[in-house]
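Data first, discussion second: the structure below is written as C-alpha cells.
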Protein chains: 2
Amino acid sequence: MKIGIIGGGAVGLLFSTYLSLQHKVILLTRTQAQASVINEKGILLSNSNRNIKYDVTAYSKFEKLEKQDLIIIAVKQYDLASLMKQLMILPADTPLLFIQNGIGHIKFLETLPQETIYVGTVEHGVKKTEENQIHHTGLGITNIALFRGVREKFTCFPIGIADVFPFRFHENYKEMLFEKLIANSVINPLTAIFKVKNGKLIENLHYYKVLKQLHTEVASVFPEINPKHSLEKMIQICQSTKENHSSMLSDIMHGRKTEVDAILGAVLEHAKEMGQALPVTTMIFEAIKGMEKESI
Amino acid sequence: MKIGIIGGGAVGLLFSTYLSLQHKVILLTRTQAQASVINEKGILLSNSNRNIKYDVTAYSKFEKLEKQDLIIIAVKQYDLASLMKQLMILPADTPLLFIQNGIGHIKFLETLPQETIYVGTVEHGVKKTEENQIHHTGLGITNIALFRGVREKFTCFPIGIADVFPFRFHENYKEMLFEKLIANSVINPLTAIFKVKNGKLIENLHYYKVLKQLHTEVASVFPEINPKHSLEKMIQICQSTKENHSSMLSDIMHGRKTEVDAILGAVLEHAKEMGQALPVTTMIFEAIKGMEKESI
C-alpha cells in the first residue's frame with residue numbers, strides 16, 4: 001500500500017518508520033533540508049532496547065503526494081490551517097487520516113472533498129532529537145475512528161505490525177477524541193505548571209486534588225463521556241507514563257509554542273457553545289498562555 | 001516606652017531596629033543562640049544606602065517580657081498557636097500588637113485576657129540574611145487598628161520615627177486585614193506558581209487575566225471591601241514591588257513552609273462560613289500545598 005505522511009515532527013517520523021516495514025511510505029517535510037538528510041541517512045529510531053535505521057523517501061513538495069492509497073496528516077493542529085488549501089486539491093478518492101490533538105480540526109474536515117476521512121489519537125511517547133532521529137520513549141496505541149466514508153479502506157493497518165505498532169479501531173470518533181481531549185486537558189497543563197513528571201499528579205495528594213477538580217470541570221461539558229471511566233483512564237495514563245514529561249511541559253521547558261489552544265482552547269470553545277463557564281479551566285488556560293509568553 | 005517584641009524573624013528584627021531608636025526594646029527569640037549573637041553583635045540592618053548596627057537586648061525566656069508598655073507579636077501565624085498559653089499569663093493591662101498575615105488569628109484574640117489589643121499589617125519588604133542581619137528591601141507602612149480596648153495607648157508610635165518607619169492608624173481593623181488578605185491571596189500564590197517577580201503579574205497580560213479572575217473570586221466573599229478599590233491597590237502593589245520576589249515564592253524556592261494556610265486557607269474558611277464555593281481559589285490553594293510538599 002502506498003502511504004503518504006505529512007509532517008516531519010516526532011509523530012510523523014514515528015509513523016514513517018513503523019509503517020515503512022509493510023508499506024511504501026513517502027514522507028512530506030516542511031523543509032528541503034530535512035527531506036535531504038532523511039533521504040541520505042534514513043530515519044534513526046531508538047528505544048530502550050536498540051537503534052534501528054529505516055529507509056524512508058522524503059520530499060518537501062506537495063505534488064509528490066498524489067496517488068497515495070492513504071495520506072496521514074501528522075502536523076500539529078496549529079499548523080493544519082495552512083495545509084487545508086493543499087489538501088483540498090488531493091484526489092477525492094484518497095482516504096485521509098488526521099492525527100491531531102483536540103477537536104478543533106473537526107469543523108475543517110467537513111469542508112474537505114475526500115470521501116473517506118479517519119481521525120486518530122496517538123498514545124505513543126516519542127521525542128524528536130534530530131531532524132532524522134526520534135526516541136520512542138513509550139510504546140502506545142494509535143486509536144482510529146471513521147469520521148466519514150468507508151471503514152474498509154483502512155483494513156490494511158492492523159495486519160502484520162500489530163505487535164510493534166498497534167492500532168485500535170473505535171466505533172465512535174467523538175467519544176475517542178473527547179476522551180483524549182479530556183486527558184490532555186488535565187495532564188498536559190498541570191504538569192507544565194507544576195514542572196513535574198506525569199506520575200507526580202497522582203503521587204502528590206494535593207496535585208491529585210487539583211487533577212480531580214480540573215477533570216470534573218472539563219468532563220462536565222462532555223456528557224457523552226462517562227466521567228468515572230475517564231478519570232480512571234487518566235489515572236492509568238499518569239501511572240503508565242509516570243517517568244515522562246508531557247509534551248506541554250517539554251514545550252514550555254524548551255521555549256516552544258504549546259498546543260494549549262488545540263487542547264484547553266478547544267474545551268473552552270466547546271463549553272461556550274454549551275453555555276457553560278469553566279472558571280478553573282479558564283484560569284489554567286491563561287496560566288499556560290502566560291508561561292508560554294515568558295518562555296518563548 | 002518599654003517595648004517587647006516576640007519573634008526573631010525578618011519582621012521582628014526590623015521592628016526591633018527602628019523602634020530601638022526611640023524606645024527601650026527587648027526582643028524575644030526562640031533560640032538562645034540567636035539571642036546571644038544579637039546581644040553580642042547587635043542587629044545589622046542594610047538597605048540600598050547603608051549598613052547600620054542597632055544595639056538591642058535579646059532573650060529567649062518568656063519571663064523577661066513582664067512589665068512592658070507594649071508587646072508586639074511578630075511570629076508567623078502558624079507559630080502563634082504555640083505562643084497562646086504564654087500570652088495568656090501576661091498582665092491584663094499590657095497592650096498587645098499582633099502583626100500576622102491572614103485573619104485566622106482574630107478568633108484567638110477573643111480569648112486573651114489583655115484589655116487593649118491592636119492588629120497590624122506590614123508592608124515593608126525585608127529579608128533575614130543571618131540570625132542578626134536583615135536587608136530592608138522596600139520601605140513600606142505599618143498599618144495599625146484597634147481590635148479592642150483603648151486607642152490612646154498607642155499614641156507613642158507615630159512620633160519621631162514617622163519619616164523612617166511610618167505607621168498609619170485605621171479605624172476599621174476588619175477592613176484593614178481583609179484588604180491585606182485579598183492582596184496576599186492573589187499576589188503571593190500566583191508569583192509562587194509562575195515563579196515570577198511581582199511586576200510580571202501585571203506586565204504579562206495572561207497572568208494579569210489570572211490575577212483579575214482570582215481577585216474577583218476572593219473579593220466576592222468580602223462584601224465589606226470595595227472590589228474596584230482593592231484591585232487598584234493590588235495593581236499598585238505589583239507596580240511598586242515589581243522587582244521583588246513575594247514571600248511565598250521565596251519560601252517555595254528555599255524549600256520553606258509557606259503561609260498558604262494563613263492566607264488562602266483563611267479565605268476558603270471564610271468562604272465556607274458564608275456558604276460560597278471558590279473553585280479557582282481552591283485549586284490555587286491545593287497547587288501551593290502540592291508545591292510546598294515537592295520543595296520541602
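Naming: A, B, ... by sequence-line order, numbering from 1 per chain.
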*Roughly how far apart are Glu286(B) CD and Asn204(A) CG, rounded to 0.5 Å?*
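With rounding to 0.5 Å, CD (Glu286(B)) is 9.5 Å from CG (Asn204(A)).
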*Winner by heavy-atom pair count (cut-off under 4.5 Å) against chain A, out of Lys195(B), Gln213(B), Glu217(B)*: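 Highest number of pairs under 4.5 Å: Gln213(B).
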*Heavy-atom pairs under 4.5 Å with chain B, option from Glu294(A), Lys293(A), Met291(A) with the top count*: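 Greatest number of close heavy-atom pairs with chain B: Glu294(A).
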*For the candidates Ile288(A), Val210(A), Ile193(A), which exhibits the highest count of non-hydrogen atom pairs separated by less than 4.5 Å from chain B?*
Val210(A)
*What residues of residues 229-261 of chain B sit under 4.5 Å from chain A when only non-hydrogen atoms are counted?*
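Against chain A, none of the residues of residues 229-261 of chain B fall inside the cut-off of heavy atoms under 4.5 Å.
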*Shortest non-hydrogen contact from Ala287(B) to Phe194(A)?*
CB-CE2, 3.5 Å
*Has Lys128(B) got more than 12 heavy atoms of other residues, nucleotides or ligands less than 6.0 Å from its NZ?*
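Count over threshold, so yes.
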*Check whether Lys209(A) gets within reach of chain B through its side chain, its backbone, both or neither, counting any heavy atom under 4.5 Å.*
side chain
_Proximal component of Lys200(B), with respect to chain A [non-hydrogen, under 4.5 Å]_ =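 Side chain only.
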*Is any residue of residues 268-285 of chain A within less than 4.5 Å of chain B by heavy atoms, and which ones?*
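Those residues of residues 268-285 of chain A which have a heavy atom under 4.5 Å from chain B are Pro279(A), Val280(A), Thr282(A), Met283(A), Ile284(A).
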